There are 2 protein chains.
Amino acid sequence: MNFMDQKTNLITLSDVAAAAGVGESTVSRVLRNHGSFSEKTRARVMAAVERLGYVPNRIAGALASTGTPLVAILVPSLSNIVFADLLSGVTRTLENHGRQAVFAVTDYDLDKEEALVAALLAWRPAAVMLVGMEHSEGTRRMLRAAGCRIIELLDIDGDALDIAVGFSHVAAGRETAARLADAGRRSIAYVGHDLKRDTRGAKRFSGFCAGLAEAGLTLADREVRDAPSSVGEGKAGLAALLERSPAIDAVYFSNDDMALGGYFYCLAKGIAVPDRLAIIGFNALEICRHTPQPIASVLTPRIEIGQRAAELFLSDAPSQVLDLGFSVVTGGTL
Amino acid sequence: MNFMDQKTNLITLSDVAAAAGVGESTVSRVLRNHGSFSEKTRARVMAAVERLGYVPNRIAGALASTGTPLVAILVPSLSNIVFADLLSGVTRTLENHGRQAVFAVTDYDLDKEEALVAALLAWRPAAVMLVGMEHSEGTRRMLRAAGCRIIELLDIDGDALDIAVGFSHVAAGRETAARLADAGRRSIAYVGHDLKRDTRGAKRFSGFCAGLAEAGLTLADREVRDAPSSVGEGKAGLAALLERSPAIDAVYFSNDDMALGGYFYCLAKGIAVPDRLAIIGFNALEICRHTPQPIASVLTPRIEIGQRAAELFLSDAPSQVLDLGFSVVTGGTL
DNA sequence: TTGTACGCGTTATCAA
DNA sequence: TTGATAACGCGTACAA
């Protein structure tokens with residue numbers, strides 16, 4: 001034994017037991033408030049815990065009880081506030097139940113997702129939460145073999161592996177088209193970001209086109225940026241679009257970041273919104289409620305999705321698809 | 001043994017060993033590429049792993065090797081993109097080294113932080129990262145006793161427990177005041193959010209006041225909202241401020257969310273920026289670069305802070321305070 | 001109500 | 001290059 005070893009002085013359960021003059025299992029029972037013990041013993045144990053500054057080792061606990069209180073969460077990105085909201089909802093609910101979240105960022109890459117799922121599964125989580133319903137075959141196989149709860153978030157357009165909590169992006173896109181058509185717009189375009197990776201954005205777009213068709217319209221033009229969504233891309237995207245198709249009278253942006261960019265472009269160029277150009281985005285970010293004209297958007301219950309997902313897991317609910325819906329928020333730009 | 005037990009069929013190391021016709025330690029060595037073994041054995045082991053779909057149990061591994069590859073991260077909030085950026089920086093670096101991040105959200109509450117630190121320490125992380133340098137005495141005690149690396153992020157104004165990576169918020173506030181004064185502003189006010197909880201915001205404010213004093217000025221007025229920062233609060237804050245003090249010619253907002261709200265208020269009310277009112281925020285969010293007039297702000301290297309913090313930990317660097325600085329970004333609003 | 005002893009799935013030590 | 005075997009720290013029957 002090396003006396004310089006930093007971990008040499010870590011207190012263990014048996015140290016506490018010795019200090020309190022009781023058996024190890026007694027300490028274990030007191031600490032987890034499980035089984036029976038006298039009040040007197042409890043006091044002695046707690047005193048020893050306090051005195052020694054004992055911190056239980058959950059690693060050992062998890063091994064012994066075969067089953068961890070860990071929940072693995074994978075999100076495509078953190079630069080989009082939407083996923084941060086999702087995480088908030090999940091962790092807020094989990095924390096109150098002694099559960100711990102371990103997470104990773106996939107960068108919208110299904111291969112990376114697969115690698116990360118493998119890494120996270122090694123921690124034997126009680127549940128794995130991931131965004132969307134598109135996964136590699138390897139991911140699906142591992143997940144199914146893992147024997148833990150699998151919760152897909154934010155999307156319900158597809159076949160759920162176990163539990164899915166979200167809403168239909170196809171329906172959201174379709175509804176958006178209907179609103180634009182109802183508002184009398186006839187020359188409608190789309191400004192979006194990299195859809196190869198953002199499959200939910202792609203679903204909205206396909207729903208949008210379907211919605212236009214149902215209204216007897218076709219997409220007037222589209223500008224798809226080869227980059228992640230951002231305010232800057234939205235701005236540049238609208239600029240490019242209008243240069244090509246100046247007669248456009250409405251634009252659907254792939255999300256609010258993009259829409260904000262478009263809106264700023266209009267402000268800067270003096271383009272009348274919504275008279276000359278209607279704008280609608282997606283997500284209903286707080287900021288869009290406070291621009292000079294509130295930007296029309298689609299409100300998505302992302303925090304609630306996280307919470308409900310965590311609750312379903314905690315309550316050991318049966319496999320299911322939970323549609324939490326969305327709602328169109330009309331603002332001054334439509 | 002219950003044959004309905006879901007975890008009954010999980011493959012273990014010894015299953016692989018048996019299938020490959022080798023000893024357990026051999027499998028372990030091959031999998032970790034540690035120690036020596038013949039190419040032939042390696043192939044046999046890997047084949048068995050593949051065939052059985054074996055996923056190593058890191059829980060058991062961590063227990064056996066006393067020392068986990070876990071890094072605990074605590075952030076005050078996730079609704080502010082700044083902390084999401086921080087997380088991105090940290091996890092991106094960690095992932096490439098087989099490390100796993102476990103995280104929790106403190107809601108800017110030091111008591112909650114203490115409880116969460118206790119919970120996270122139970123996982124015996126190799127490092128604990130937390131935002132800021134203000135912690136409860138209990139938190140500090142536990143951390144010191146834990147014998148793991150302690151990394152404080154985003155702030156360097158204070159006494160570091162071990163490693164600190166960030167910049168000086170006091171200096172940032174002071175510099176902001178100097179810029180405003182240099183720009184000829186004389187009636188300068190502050191619009192902020194809940195500073196009891198956001199201690200870094202409070203440091204910026206104190207630095208700002210010091211900076212004004214150095215320029216021979218005093219704060220003309222201040223509007224501090226009793227709520228977390230948001231675009232809405234920034235807007236309402238500026239409205240309240242201007243009603244009270246219409247002669248103000250410059251406003252320092254506690255951060256860019258607040259500043260955006262103020263800027264939108266000006267746009268909506270037709271207040272000339274910067275002619276009549278100069279605006280400067282903090283963080284230099286992407287969106288502020290794309291508003292009709294780019295909003296002046298202070299660029300903070302948050303992703304880099306996360307990366308460097310992770311790198312210092314990975315390289316087993318000595319205790320230190322790393323100042324990554326900040327830079328003032330002048331925009332159209334100053 | 002309490003303590004003993006075994007097992008959880010690895011890693012590490014050491015001898016072969 | 002290999003394979004027993006002893007930890008790792010705790011939960012959990014089971015016995016007391």
Side-chain angles (χ1 to χ4, degrees), chain A residues 1-2 5-45 48-49 52 54-70 98 121-124 146-147, chain B residues 1-2 5-45 49 52 54-70 98 121-124 126 146-147:
Chain A
M1 184 189 345
N2 179 356
D5 195 344
Q6 300 195 8
K7 62 205 166 211
T8 214
N9 52 355
L10 284 180
I11 315 292
T12 73
L13 226 195
S14 70
D15 294 328
V16 176
V22 301
E24 301 187 10
S25 51
T26 301
V27 177
S28 175
R29 267 169 283 168
V30 169
L31 256 31
R32 286 174 304 125
N33 199 28
H34 181 274
S36 52
F37 43 81
S38 68
E39 183 48 41
K40 194 172 169 180
T41 326
R42 166 192 216 106
R44 273 233 302 283
V45 169
V49 165
L52 300 179
Y54 171 66
V55 177
N57 185 331
R58 306 263 286 189
I59 298 273
L63 219 214
S65 59
T66 56
T68 73
L70 253 29
L121 244 23
W123 292 98
R124 298 294 187 266
Chain B
M1 182 189 346
N2 179 354
D5 196 344
Q6 301 193 9
K7 61 205 165 209
T8 216
N9 51 354
L10 285 180
I11 315 293
T12 72
L13 224 194
S14 71
D15 294 329
V16 176
V22 301
E24 302 186 6
S25 41
T26 302
V27 177
S28 177
R29 266 169 284 165
V30 170
L31 256 29
R32 285 174 302 131
N33 198 30
H34 180 275
S36 54
F37 43 81
S38 69
E39 184 47 41
K40 193 173 172 181
T41 344
R42 163 189 217 112
R44 273 233 302 283
V45 169
V49 164
L52 300 178
Y54 170 67
V55 176
N57 185 334
R58 303 265 273 179
I59 297 273
L63 217 215
S65 59
T66 57
T68 72
L70 253 27
L121 244 23
W123 291 98
R124 298 292 185 270

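Hydrogens, waters and symmetry mates play no part in the numbers below; they use all other heavy atoms, side chains included. Lettering of chains follows the sequences in order, A, B, ..., and the numbering in each one begins at 1. Here the structure is a predicted model, which means the values were calculated and not measured.
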**Study point:** Contact check, side chains of A:Asn57 and A:Thr12, non-hydrogen atoms, under 4.5 Å
**Key:** no
Point to revise | Protein-nucleotide distance (A:His34, atom NE2; D:dC10, atom C1'), rounded to Å | key: 14 Å
Check your understanding: From the list D:dG9, C:dT10, C:dA12, which nucleotide is the closest neighbour of the side chain of B:Asn57?
Key -> C:dT10
Check your understanding: When the distance from CD1 of B:Ile59 to P of D:dC10 is rounded to whole Å, what number comes out?
Key -> 14 Å
Practice item. Kindly indicate whether the side chain of A:Ser28, heavy atoms from C-beta on, has any atom under 4.5 Å from the side chain of A:Glu24. Key: no
Point to revise | Backbone of A:Ala62 reached by a side-chain donor or acceptor of A:Thr68 within 3.5 Å | key: no
Review point. Can you check the B:Leu63 CG to C:dT10 P distance for me, whole Å?
Key: 12 Å
Review point. How long is the span from the OG1 atom in B:Thr26 to the CG atom in B:Leu13, to the nearest 0.5 Å?
Key: 10.0 Å
Exercise for review: Determine, for nucleotides 1-7 of chain D in 5'-to-3' order, which nucleotides have protein heavy atoms under 4.0 Å from the base (write B), from only the sugar-phosphate (write S), or from neither (write -).
Suggested key: BBBB---
Study note, to complete from the structure: Separation of D:dT12 atom C1' from A:Leu13 atom CG, nearest Å, is 13 Å
Review point. Is any side-chain N or O of A:Tyr54 closer than 4.0 Å to OP1 or OP2 of D:dG9?
Key: no
Check your understanding: Between A:Val45, A:Ile11, A:Asp15, which is the residue that forms a side-chain contact (heavy atoms from CB on, under 4.5 Å) with A:Tyr54?
Key -> A:Ile11
Study note, to complete from the structure: Closest of D:dT12, C:dG9, C:dA12 to the B:Ser65 side chain is C:dA12
Check your understanding: Has A:Arg32 got a side-chain N or O lying under 4.0 Å from the OP1 or OP2 atom of D:dT12?
Key -> yes
Exercise for review: Report yes or no: does B:Ser65 contribute a side-chain atom to a donor-acceptor pair with the main-chain N or O of B:Gly61 at less than 3.5 Å?
Suggested key: yes
Practice item. Please report, rounded to the nearest Å, how far the C1' atom of C:dT2 is from the CD atom of A:Glu39. Key: 16 Å
Exercise for review: Output yes when at least one side-chain N/O atom of A:Arg58 is less than 4.0 Å from OP1 or OP2 of D:dC10, else no.
Suggested key: no
Exercise for review: Using atom types as modelled and distance alone, determine if a side-chain donor or acceptor of A:Arg58 lies under 3.5 Å from a backbone N or O of B:Trp123.
Suggested key: no
Exercise for review: Round to a whole Å and report the spacing from CG of B:Leu31 to C1' of C:dT11.
Suggested key: 12 Å
